[in-house]
2 protein chains.
Amino acid sequence: MPAPMTETAKLSHQLIELYERLSSWEQDVVKSSGLSTPQMHTIEIVGHSDSLRMKDLAKKMGVTTGTLTVMVDRLEQQGLLKRTPHETDRRSYLIALTEKGQELFSEHHQYHLHLTEEITSTLSREEQAQFSAVLEKIIGQM
Amino acid sequence: MPAPMTETAKLSHQLIELYERLSSWEQDVVKSSGLSTPQMHTIEIVGHSDSLRMKDLAKKMGVTTGTLTVMVDRLEQQGLLKRTPHETDRRSYLIALTEKGQELFSEHHQYHLHLTEEITSTLSREEQAQFSAVLEKIIGQM
DNA sequence: AAATGTTGTTTGAGTGTCAAGATGTTTGTT
DNA sequence: AACAAACATCTTGACACTCAAACAACATTT
């Protein structure tokens with residue numbers, strides 16, 4: 001038996017609101033770095049993955065490899081990313097951050113941590129723990 | 001005194017994960033409607049606002065009015081949106097959904113409700129209420 | 001009435017996106 | 001070994017999104 005509609009509707013609205021605010025926050029932060037949002041997204045995923053192939057990066061980002069080719073080209077030109085040939089599969093490259101890319105990634109990661117601290121600052125330890133537990137359940141559900 | 005880094009880091013990671021999943025869910029749903037993501041976003045905002053001027057719509061969406069002009073053009077061509085002259089300010093239009101646009105909006109809204117029901121299905125009533133309360137605090141904080 | 005500000009449109013340039021086709025590589029079958 | 005099929009990436013062409021700057025029409029202020 002599902003919860004009454006009003007409860008679900010309220011939660012839905014709150015999730016959308018949270019999403020919108022995170023989105024515009026991210027947009028503002030990224031803009032100040034001089035990169036576009038998709039470019040920063042690429043940096044973030046590569047940064048979290050150490051190194052990966054075009055195909056896998058494309059899949060994680062939900063774009064085609066054709067889209068990625070030119071994106072990686074530009075990030076490479078800016079010295080943030082580098083392609084190195086795959087050791088055993090000569091069709092593939094491994095994409096990884098350069099030092100400059102690492103710095104940018106770290107800085108952006110710090111921004112995320114600061115935001116998280118800020119928005120949870122009004123929560124008690126207990127509430128934080130509850131929130132984290134619920135998030136884990138939800139994420140596992142999706 | 002801030003929470004220990006590990007807690008904040010965990011929450012930050014969970015928020016990012018939630019955001020990413022909502023993002024890819026939305027992308028999939030929108031794709032099946034034949035519209036682009038920014039187009040559907042426009043429909044959603046207009047749908048929630050009844051009617052509003054280009055300038056206000058642009059501000060809510062975080063884009064310039066120049067960007068909006070062509071977007072509204074295309075949505076108008078598809079019969080989803082309509083411009084009507086502002087009664088007192090002859091520089092402005094009021095943007096509103098057509099019936100067809102309303103239908104699309106309602107359908108998409110239903111998708112959101114279904115997703116919300118799904119992802120909160122493993123939560124008890126109490127957990128849902130806690131979650132909602134925490135979201136309210138966080139959103140108020142941003 | 002004139003100056004200034006605002007609203008929406010247009011234009012030009014760059015980026016993001018995909019589908020389809022091309023190239024070189026690997027894997028599987030014969 | 002030779003061939004075919006599958007694969008990873010890149011290229012190309014077409015279109016959408018985005019902005020900044022310039023513009024026209026209208027509103028507000030002085």
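Letters go in sequence order (proteins before strands), and every chain restarts at 1.
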Tell me which nucleotide among dG16(C), dT7(C), dC10(D) gets nearest to the side chain of Ser36(A). dG16(C)
Whole-Å distance separating the CG atom of Leu68(A) from the C1' atom of dA19(C): 16 Å
Residue from Lys60(B), Arg53(B), Lys59(B) passing salt bridge (Lys or Arg N to Asp or Glu O under 4.0 Å) with Asp56(B): Arg53(B)
In whole angstrom, what separates Glu87(B)'s CD from dT7(C)'s C1'? 16 Å
Separation of atom NZ in Lys59(B) from atom P in dC19(D), rounded to whole Å: 15 Å
Ranking dT9(D), dG8(C), dT18(D) by distance to the side chain of Ser92(A), first place goes to dT9(D)
5'-most by nearest nucleotide on DNA chain C - Met71(A) or Thr67(B): Thr67(B)
Could you check Val63(A) against Asp89(A) and say which one's nearest nucleotide on DNA chain C is further toward the 5' end? Val63(A)
Over all strands shown, is Thr88(A) touching base, sugar-phosphate only, or nothing at heavy-atom distances under 4.0 angstrom? sugar-phosphate
Rounded to whole angstrom units, what separation is found between the CG atom of Asp73(B) and the C1' atom of dA16(D)? 13 Å
How many whole angstroms separate atom CG of Leu52(B) from atom P of dT7(C)? 13 Å
Spacing of His86(A) atom NE2 relative to dC10(D) atom P, expressed in whole Å: 14 Å
Between dC7(D), dT9(D), dT18(D), spot the one nearest the side chain of Arg91(A), thanks. dC7(D)
How many whole angstroms separate atom NZ of Lys55(B) from atom C1' of dT9(C)? 16 Å
note: Met54(A), atom CE; dC7(D), atom P; distance rounded to Å ~ 18 Å
Atom OH of Tyr111(A): over 12 foreign heavy atoms under 6.0 Å: no
Side-chain contact check for Thr64(B): nearest option of dG16(C), dC19(D), dA16(D) is dC19(D)
Comparing Met61(B) with Leu94(A), nearest DNA chain D nucleotide closer to 5' gives the residue Leu94(A)
Is the His108(A) ring parallel, tilted or perpendicular to the His112(A) ring (thresholds 30°, 60°)? perpendicular
According to a strict under-4.0 Å criterion, is Arg83(B) in side-chain N/O contact with OP1 or OP2 of dG8(C)? no
Would you call Leu15(B) and Ile119(A) a side-chain contact if the rule is heavy atoms closer than 4.5 Å? yes
Against the side chain of Arg90(B), the closest entry in dA27(D), dA19(C), dT18(D) is dA27(D)
Going hydrophobic residue to hydrophobic residue with side-chain gaps under 4.5 angstrom, can you get from Ile43(A) over to Val63(A)? yes
